[in-house]
Peer 1: 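Supplied in structure tokens, the structure appears directly below.
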Amino acid sequence: MDRYLVFGHPVRHSKSPFIHTLFARQTQQELEYGLAEPAVDEFAQALRTFFDQGGKGCNVTVPFKEQAFTMVDCLSPRAKRAGAVNTIKLTDDGVLLGDNTDGAGLVADLKSHGVTLADSRILLLGAGGAARGALAPLLAELPSELVIANRTHTKAQQLAAEFHDLGPVTAQTYEQLAGPFDLVINSTSASLQGELPPLAPALIHTDIAIYDMMYGASDTAFISWAKQHGARQTMDGLGMLVEQAAEAFTVWRGIRPGTKQVLRELKRNLGVI
């Protein structure tokens with residue numbers, strides 16, 4: 001039976017085995033999917049061992065995405081742009097292909113919620129790996145402007161300069177931000193600590209769409225804050241998790257699984273519904 005894993009540290013909380021088991025059942029694919037939590041300095045050896053022992057593919061999550069980028073034999077265009085790899089496939093001719101499905105998962109989830117990206121003004125909070133993975137897919141949707149804001153402004157400036165050839169992307173400090181924005185995406189991990197990015201409440205209005213890449217059994221700190229200030233459409237990253245997994249499954253198996261029922265099952269598993 002074909003074997004797949006998710007590598008991360010920590011990774012025991014991962015919902016990827018749950019998701020991919022449902023995808024396999026739905027598409028009648030025979031595979032098994034497990035967890036691997038090597039020590040931070042042992043990832044390279046663990047990855048090589050997995051494929052030497054017949055592994056077919058894997059997902060890679062924090063903190064190994066940038067390291068995986070350096071270890072594969074070839075990169076997809078979106079992985080090159082992202083500078084990180086979250087999906088690896090062993091091809092039929094023995095090549096390790098590195099891909100990045102995070103941004104595609106984000107855009108798919110936004111569209112599933114009816115969010116219009118074309119001609120919209122988007123604010124992206126954060127300038128780390130999650131933001132980097134999202135930029136090219138977001139810019140491909142032809143927004144009127146995409147603004148990056150980050151606590152360390154120079155990182156936002158560097159990221160905007162790197163992606164400027166793909167569309168109208170700029171960097172601003174939190175103090176410089178002026179609305180209205182149609183969509184705000186929080187790519188920072190602040191919600192994991194119950195913290196908030198330093199965003200002015202005045203930027204929130206009733207017609208804005210709010211997206212937090214983090215998720216939990218209840219509203220994240222950022223979503224709760226946005227609701228308190230009048231945002232009516234708020235979304236967390238659970239749908240993105242399922243959509244990027246579906247994209248990875250397609251890379252591995254050549255068949256696209258449906259996501260709606262799997263997302264409902266995942267919410268039920270988490271106690272969200």
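All values below come from the heavy atoms of this structure, side chains included, with hydrogens, waters and symmetry mates left out. Since we're looking at a predicted model, the values are computed, not measured.
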Peer 1: Looking just at side-chain N and O atoms, do Thr101 and Gln244 make a donor-acceptor pair shorter than 3.5 Å?
Peer 2: yes
Peer 1: Under the rule for side-chain contact (heavy atoms from CB on, under 4.5 Å), what residues qualify as partners of Ala79, not counting sequence neighbours?
Peer 2: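 If we apply the side-chain contact (heavy atoms from CB on, under 4.5 Å) test to Ala79, skipping adjacent residues, the hits are Leu75, Ser76, Val85, Asn100.
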Peer 1: Charged N to carboxylate O under 4.0 angstrom, Lys89 versus Asp99?
Peer 2: no
Peer 1: With rounding to the nearest 0.5 Å, note down the distance linking OG1 in Thr173 to NE2 in His153.
Peer 2: 6.0 Å
Peer 1: Using distance alone, with no hydrogens and no angle criterion, decide if Asp102 and Asn86 have a side-chain donor and acceptor under 3.5 Å apart.
Peer 2: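 Per modelled atom types, Asp102 and Asn86 side chains form a pair under 3.5 Å.
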Peer 1: Tell me, do Ile185 and Leu138 make a side-chain contact under 4.5 Å, heavy atoms counted?
Peer 2: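 When only atoms from C-beta onward are counted, Leu138 and Ile185 do touch, with a gap below 4.5 Å.
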Peer 1: Charged N to carboxylate O under 4.0 angstrom, Glu243 versus Lys260?
Peer 2: no
Peer 1: If I take atom CG from residue Leu238 and atom OH from residue Tyr215, how far apart are they, to the nearest 0.5 angstrom?
Peer 2: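 Going from the CG atom of Leu238 to the OH atom of Tyr215 covers 6.5 Å.
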Peer 1: Measuring from atom NZ of Lys65 to atom CZ of Arg132, what distance do you get when rounded to the nearest 0.5 angstrom?
Peer 2: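 If we round to the nearest 0.5 Å, Lys65:NZ and Arg132:CZ are 13.0 Å apart.
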Peer 1: Let me check something: any side-chain donor-acceptor pairs from residues 188-200 under 3.5 Å, sequence neighbours excluded? List them with distances.
Peer 2:
unit_1, atom_1, unit_2, atom_2, d
Thr188, OG1, Asn186, OD1, 2.7
Thr188, OG1, Ala190, N, 3.3
Ser191, OG, Asp212, OD2, 2.6

Peer 1: Kindly indicate, with the supporting measurements, whether the criterion side-chain hydrogen bond (donor to acceptor under 3.5 Å, both in side chains) is fulfilled by Tyr33 and Asn59.
Peer 2: CA-CA 10 Å; Tyr33 189 107; Asn59 289 127; 2.6 Å; yes
Peer 1: Assess whether a salt bridge exists between Glu42 and Arg48, defined as any Lys/Arg side-chain N lying under 4.0 Å from an Asp/Glu carboxylate O.
Peer 2: no
Peer 1: Please work out which of the three classes, parallel, tilted or perpendicular, describes the rings of His20 and Trp252, given edges at 30° and 60°.
Peer 2: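 Trp252 and His20: tilted rings.
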Peer 1: Between Asp236 and Tyr211, is any side-chain donor less than 3.5 angstrom from a side-chain acceptor?
Peer 2: no
Peer 1: Looking at Asp92, I want to see if its CG is surrounded by more than 12 non-hydrogen atoms of other residues, nucleotides or ligands under 6.0 Å.
Peer 2: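 Check fails, neighbour count at 12 or below.
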Peer 1: CG of Leu5 to NZ of Lys56: how many Å apart, nearest 0.5 Å?
Peer 2: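 Reported to 0.5 Å precision, the distance equals 14.0 Å.
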Peer 1: With a 3.5 Å cut-off and no angle check, do the side chains of Thr49 and Gln45 form a donor-acceptor pair?
Peer 2: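 Note: Thr49 and Gln45 side chains meet the donor-acceptor criterion.
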Peer 1: Ignoring hydrogens and angles, state whether a donor on the side chain of Glu162 or Gln158 is under 3.5 Å from an acceptor on the partner side chain.
Peer 2: no
Peer 1: If we only count heavy atoms from C-beta on, is the Leu146 to Leu124 side-chain gap below 4.5 Å?
Peer 2: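 Yes, their side chains come closer than 4.5 Å.
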